[in-house]
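The structure under discussion appears below in the form of structure tokens.
When reading the values below, keep in mind they use all heavy atoms of this one structure, side chains included, and skip hydrogens, waters and symmetry mates. Below, read A as the first sequence line, B as the second, and so on, with proteins coming before strands; counting in each chain starts at 1.
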Number of protein chains: 2
Amino acid sequence: MLDLWYTEEWTDNCRFSLKVKEQIHSEQSEFQKIDFFKSEEFGTFFTLDGLMMVNEKDEFVYHDMITHVALATNPNIKRVLVIGGGDGGTVREVTRYPHIEKIDMVEIDERVVRLSQKYLPITASKLEDPRVTLYFEDGLKFVEESAEGSYDLILVDSTDPISVGEGLFTTGFYKNCYRVLSDEGILINQHESPYFAKYAAEMKKAHNKIKNLFPVAKVYQFHQPTYPSGHWLFGFASKKFDPIADHQREAWEKFGLKTRYYNSDIHTGAFALPTFVREMLEDVEG
Amino acid sequence: MLDLWYTEEWTDNCRFSLKVKEQIHSEQSEFQKIDFFKSEEFGTFFTLDGLMMVNEKDEFVYHDMITHVALATNPNIKRVLVIGGGDGGTVREVTRYPHIEKIDMVEIDERVVRLSQKYLPITASKLEDPRVTLYFEDGLKFVEESAEGSYDLILVDSTDPISVGEGLFTTGFYKNCYRVLSDEGILINQHESPYFAKYAAEMKKAHNKIKNLFPVAKVYQFHQPTYPSGHWLFGFASKKFDPIADHQREAWEKFGLKTRYYNSDIHTGAFALPTFVREMLEDVEG
């Protein structure tokens, strides 16, 4: 039997490997190396520049947590901007809310979208929703050119800051996010991980930039076993709403959405960070 | 340079590997294969029958979470029984409370204790505390022979149910735990993980047995990156105290303990389980 393994170097000293049934696609796009695989345990998955992005087994964790926390803090969000997220899973979760009027998705690499539509319908199938507009552009440039106050929610569903996603971790980008958000606006961004030093350094840098711009800047955690260390974070930044004090539990539950990771208790629980993470985030205040 | 890796098969389809600087000890004890290693990223670590038990990088997570949740629910606990936990980290955390009068530790394999004392002082150094008595016996037999109501807290710090730890996941064992606990007694036990099917099956079995015996039976989670999937659980069972409703936040904070993972917010947050975990646990009620 074919003994094929995909291995990701989480650090120079730590590797995570998945048994692969077959590689179903490989290409070098204009921006990055894209590889799709099938596996027994994780279903179909794809990597960008050799790093795990999305797999069928635990994509629900990431996509629940990037979307529902904001939408349960302000259930009146109407206009959403997704930056990155070419697999479509983030958009899929947003389309589940009937009151959302507009979803703009800006993905720099059209190939990621087209390949996800072909191989990962589990995440990509809602990109056809009539409220969704796809822009194959640089997210950095897109927010630069967007009008003030034109979105209620920005979801930054990016790769790590060490690759194509680099510009999406800069102060310039966050400033433009602030500007294009309405007065009730919320920004959710990929916030890396506290466990291994190289990711923790990026987490601290991102948090420092955001907390200097937004009156509310918090961090929440979740279990994403296929990302380095499995301990992953998102940042919640807002001009007005606090995710705990303003949590609209009942309003969210009225939507009646069935979710496999997110629920009203984890909404609060996810913001309870371990002491070592808290200290890392406070450390950047100096 | 030596390129030596320790690899653990989390499942047949998933592997986790750590770069090793050197193997510092290996033996087959009466009960299991014991191996100690040094590594750059994880410091000194040891395995039992080839499975990661304790490493210097993230042992604080496990030992914080197995001890402080119970001790912040009932700050009057005086008599503690630790079953397993040969590395000494669980005892170390319990000894930090000056009001604890007695700590009995029952470890079946004396070699684990002796080797931890030699190679892992970070966890083993408090085994000399005058309140600690070590018993090198079968934990199952020890609770069978213990008097009714003789402990306020039992901490089951065991290996997986598929090895030496098997008896510590049986109804007979849990019944004896119930009997030897005082009316205010709390039982914390290793509860495996919900992510991979083989661990989830053990989690459900353990929970089912415990909830049939104890009026309070809850489960809480934490991030343990070196255990399979990094999503790990403990069970909290009690005759009287609910870990949320009876949480003694102020009393615990008065102890003034510095902890790197546990804190009063995570005490509550850890019980907020993802929906898929909740459903697995409810599933066993039928």
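- No more than 12 heavy-atom neighbours from other residues, nucleotides or ligands sit within 6.0 angstrom of NZ on Lys126(A).
- Counting only distance, with no hydrogens or angles, the side chain of His223(B) and the backbone of Phe222(A) share a donor-acceptor pair below 3.5 Å.
- Using a 4.5 Å heavy-atom cutoff, the side chains of Asp12(B) and Lys19(A) are not in contact.
- Around atom CD of Glu250(B), no more than 12 heavy atoms belonging to other residues, nucleotides or ligands sit under 6.0 Å away.
- Residues Ile266(B) and Pro274(A) meet the side-chain proximity criterion, which asks for heavy atoms closer than 4.5 Å.
- The number of heavy-atom neighbours closer than 6.0 Å to NZ of Lys38(B), taken from other residues, nucleotides and ligands shown, is 12 or below.
- The distance from atom CD of Gln224(A) to atom OG of Ser229(B), rounded to the nearest 0.5 Å, is 11.0 Å.
- The aromatic rings of Phe196(B) and Phe42(A) lie perpendicular to each other, with more than 60° between the two planes, well past the 30° mark.
- The one candidate from Asp265(A), Asn263(A), Asp64(A) that meets the side-chain hydrogen bond (donor to acceptor under 3.5 Å, both in side chains) condition with Thr275(B) is Asn263(A).
- For the set Leu18(A), Val277(A), Thr11(A), Asp58(A), the entry with the most heavy-atom pairs within less than 4.5 Å of chain B is Asp58(A).
- In terms of heavy-atom pairs under 4.5 Å with chain B, the best-connected choice from Tyr195(A), Phe276(A), Tyr262(A), Phe16(A) is Tyr195(A).
- For Thr268(A), no part sits under 4.5 Å from any heavy atom of chain B, backbone or side chain.
- One finds a salt bridge joining Lys258(A) and Glu279(B) here, because a Lys/Arg side-chain nitrogen approaches an Asp/Glu carboxylate oxygen to under 4.0 Å.
- Using the six-membered ring where Trp is involved, His231(B) and Tyr261(A) have ring planes that are tilted, between 30° and 60° apart.
- In this structure, the separation between CH2 on Trp5(A) and SG on Cys14(B) is 7.0 Å, given to the nearest 0.5 Å.
- Heavy atoms closer than 4.5 Å to chain A are found in the side chain of Phe60(B), but not in its backbone.
- Each of Arg260(A), His267(A), Glu40(A) has some count of heavy-atom pairs under 4.5 Å with chain B, and the biggest count is that of Arg260(A).
- Comparing Pro225(B), Ala197(B), Ala272(B) by how many heavy-atom pairs each has under 4.5 Å with chain A, the most go to Pro225(B).
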